Amino acid sequence: MTTNNISIKRRVTKGCPQGSCCGPGFWNVLYNSLLNLDLTSHSKAIAFADDLMILIRGDTVIEAENYMNFEVRKILEWAINNKLKFNENKSKVMLMSCRRRREKKEIEIYVNNKILKQFNSLKYLGIVFDSKLTFRDHINYTEESAQN
């Protein structure tokens, strides 16, 4: 029995193939400049691998919304300068607060001129965060995972 060795060649003009040995190193070099952006004192960037979370603190929902859109514009400018594009369909927004607010609870954060979808809970690095920081959703998620 003989096997044919088939070789497929493609010219790569941008990016780095997923799973390549160079990928993580190249990404870390590039990503480091994003993490060193000059963010306001109301903001904090947290990253793990290619996941980025931007935390904003504001006294009001409108203030937090304004700070976030300001920071997102900086990040999108960084992306353009580095020939990258963030996918607005994979980006999520969540307003977190332990206080009961009488003000609006919907926030409008824009990426690529599109409003991001707002969620009441989201999973980040295996932890389910909810908008009231009760961790009920995480406990339920963990319980369901243990039963399966």
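Keep in mind that this is a model prediction, so the values were computed, not measured.
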Handout entry: Criterion side-chain hydrogen bond (donor to acceptor under 3.5 Å, both in side chains) on Ser145 and Thr142, from CA distance to verdict
Key = CA-CA 5 Å; Ser145 297; Thr142 305; over 6 Å; no
Exercise for the section: For side-chain contact (heavy atoms from CB on, under 4.5 Å), just list the numbers for Leu125 and Asp51, CA-CA rounded to whole Å, side-chain angles, deciding distance to a tenth of an Å, and then say yes or no. Expected result: CA-CA 9 Å; Leu125 302 178; Asp51 284 330; 4.3 Å; yes
Exercise for the section: List the steps and the verdict of side-chain contact (heavy atoms from CB on, under 4.5 Å) for Leu95 and Ser131. Expected result: CA-CA 6 Å; Leu95 177 63; Ser131 61; 5.8 Å; no
Practice task
Any chance you could lay out the side-chain contact (heavy atoms from CB on, under 4.5 Å) test for Leu37 and Leu35, step after step, and finish with the verdict?
Solution key: CA-CA 6 Å; Leu37 285 177; Leu35 297 175; over 6 Å; no
Practice task
Please step through side-chain contact (heavy atoms from CB on, under 4.5 Å) for the pair Lys105 and Val61, ending with a clear verdict.
Solution key: CA-CA 7 Å; Lys105 294 184 175 135; Val61 173; 6.0 Å; no
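Heavy atoms from other residues, nucleotides or ligands lying under 6.0 Å from CD of Glu63 number more than 12. Heavy-atom neighbours of Asn113 CG from other residues, nucleotides or ligands within 6.0 Å: at or below the threshold of 12. The local environment of CZ in Phe119 is crowded, with over 12 non-hydrogen atoms from other residues, nucleotides or ligands closer than 6.0 Å. In this structure, Asn120 places its CG atom where only 12 or fewer heavy-atom neighbours from other residues, nucleotides or ligands lie under 6.0 Å away.
Between Gln118 and Met94 the shortest side-chain heavy-atom distance does not fall below 4.5 Å. Using a 4.5 Å heavy-atom threshold, the side chains of Leu52 and Ile46 count as separate. A heavy-atom distance below 4.5 Å is not found between the side chains of Phe135 and Val128. Annotation: side chain of Leu39 is not in contact with side chain of Lys44 (no heavy-atom distance under 4.5 Å). Between Tyr124 and Leu122 the shortest side-chain heavy-atom distance falls below 4.5 Å. Using a 4.5 Å heavy-atom cutoff, the side chains of His138 and Phe129 are not in contact. Under the 4.5 Å side-chain criterion, counting only non-hydrogen atoms from C-beta, Ile107 is not in contact with Ile62. Lys74 places a side-chain heavy atom less than 4.5 Å from the side chain of Phe70.
In this model, no donor atom of one side chain and acceptor atom of the other lie less than 3.5 Å apart for Tyr141 and Glu143.
At least one donor-acceptor pair closer than 3.5 Å links the side chain of Asp130 to the backbone N or O of Lys132. Judged purely by atom type and a 3.5 angstrom limit, Asn36 uses its side chain to pair as donor or acceptor with the backbone of Asn32.
A parallel orientation is assigned to the rings of His42 and Tyr67, their planes being inclined by less than 30° (bins at 30° and 60°).
Of the candidates Ile75, Asn89, Asn69, Leu76, Val111 forms a side-chain contact (heavy atoms from CB on, under 4.5 Å) with just one, namely Leu76.
Phe48 and Met53 fall within the same hydrophobic cluster, defined by Ile, Leu, Val, Met, Phe, Trp and Tyr side-chain heavy atoms under 4.5 Å apart, directly or through other members.
Distance CG/Leu34 to CG/Leu84: 9.0 Å, rounded to 0.5 Å. Note that the CE atom of Met68 and the OG1 atom of Thr40 stand 10.0 Å from one another [nearest 0.5 Å].
Across every non-hydrogen atom of Glu88 and Asn112, the tightest pair is OE1-ND2, 2.6 Å. Shown here for Glu71 and Ser43, the closest heavy-atom pair between the two residues is OE2-OG, 2.7 Å.
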